[in-house]
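What follows is a single structure, written as structure tokens, with notes after it.
Remember, it's a predicted structure, so these values are computed and weren't measured experimentally. The figures that follow rest on heavy atoms only: side chains count, while hydrogens, waters and symmetry mates do not.
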Amino acid sequence: MDVTLGPLQPQDTDAFAAEMQEAFQLAVDAASDDEPLPVLPRQDIDESLANPGAVALVATCEGRRVGGTVLFLDEETHEHECALLYVRADAHGRGIGAALWKAIEKRYPDAVAWTLCTPYFEVRNIHFYLSKCGFHIIDLVKDPETGPADASGKGSLMFSFVKRLDGRWE
């Protein structure tokens, strides 16, 4: 599977955000036993895009947009963060996510580490990052954006991941 990455064009920002929200909503709905949890708010996407180190990339496969990512690049330490990553809802289950991650690593061969977070209930994401991408869970943290946990704890706990490419383990 050949996934290529290109810069997000300003005129495509709305479609990029809508696709990301749809992909996130599917995962959230699948994880919810009762009330649906809120989808990734557009404000969060816009804040990520506005981050000074942000790079937004669109993933294409066979000429079709299949996903995207927002990365925070640290050009000094080369310890980068994957702030947001999604595969379009209609492209799930075809190996696109793994190919997308490989394309990111190929685009940034100078990276010494990648970090990211995902909600504790996102079993599919957790499996993907551990088994398909080579990340390790390093912590379970409270998401400062969502505040204190509700009675179920949903929405407030995030697994923090790291993938070190420099041979170090911390």
Distance from [X] atom [atom1] to [Y] atom [atom2], nearest 0.5 Å?
X	Y	atom1	atom2	value
Asp14	Glu19	CG	CD	11.0 Å
Thr13	Gln11	OG1	CD	8.0 Å
Arg42	Asp46	CZ	CG	4.5 Å
Tyr108	Glu75	OH	CD	8.0 Å
Cys117	Ile138	SG	CD1	8.0 Å
Leu140	Ser160	CG	OG	9.5 Å

Minimum heavy-atom distance between [X] and [Y], given as atom pair plus value:
X	Y	answer
Ser48	Ala83	OG-CB, 4.4 Å
Ala113	Val162	CB-CG2, 4.5 Å
Cys82	Leu116	O-CB, 3.4 Å
Ala59	Leu100	CB-CD1, 3.6 Å
Ile126	Pro119	CD1-O, 4.0 Å
Ala54	Val70	CB-CG1, 4.2 Å

Flag side-chain contact, heavy atom, 4.5 Å: [X] against [Y]:
X	Y	value
Thr69	Ile104	yes
His136	Lys163	no
Val66	Ile96	yes
Val58	Leu5	no
Cys133	Phe128	yes
Leu71	His80	no
His92	Arg124	yes
Thr115	Phe161	no

Between Asp90 and Arg64, does any NZ, NE, NH1 or NH2 come within less than 4.0 Å of an OD or OE carboxylate oxygen?
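Yes.
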State whether Glu22 and Arg88 are salt-bridged, where the test is any N-O pair (Lys NZ or Arg NE/NH1/NH2 against Asp/Glu carboxylate O) under 4.0 Å.
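Salt bridge: no.
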Should the heavy atoms of other residues, nucleotides or ligands under 6.0 Å from CD of Glu62 be counted, would the total exceed 12?
no
For the CD atom on Gln43, are there more than 12 heavy atoms of other groups (residues, nucleotides or ligands in this structure) within a distance under 6.0 Å?
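Open.
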Is the gap between the ring centers of Trp101 and Phe135 under 6.0 Å?
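Between Phe135 and Trp101, which both carry aromatic rings, the centre distance is below 6.0 Å.
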Quick check, are the ring centers of Phe159 and Tyr120 under 6.0 angstrom apart?
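Judged by ring-centre distance (under 6.0 Å), Phe159 and Tyr120 do not meet the cut-off.
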So, [X] and [Y]: side-chain donor and acceptor under 3.5 Å apart, yes or no?
X	Y	value
Thr118	Asn125	yes
Gln25	Gln21	no
Asp74	Thr77	yes

Side chain to side chain contact (heavy atoms under 4.5 Å, CB included) for Thr60 and Thr4? Distances and angles first, verdict last.
CA-CA 5 Å; Thr60 57; Thr4 58; 2.7 Å; yes
Is a side-chain N or O of Asn51 found less than 3.5 angstrom from the main chain of Gly53, in a donor-acceptor match?
yes
Is it possible for you to say whether Phe121 and Leu130 belong to one hydrophobic cluster, with membership spreading through side-chain heavy-atom contacts below 4.5 Å?
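Yes, Phe121 and Leu130 fall within the same hydrophobic cluster.
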Same apolar cluster: Val123 and Leu157, side chain cutoff 4.5 Å:
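The answer is no; the residues belong to distinct hydrophobic clusters.
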List for me each residue that meets ring pair (Phe, Tyr, Trp, His ring centres under 6.0 Å) alongside Phe16, sequence neighbours excluded, and say none if there are none.
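Checked Phe16 against ring pair (Phe, Tyr, Trp, His ring centres under 6.0 Å); matches are Tyr86.
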So, using ring pair (Phe, Tyr, Trp, His ring centres under 6.0 Å) as the criterion, who are the partners of Phe72 when residues are at least two apart?
none
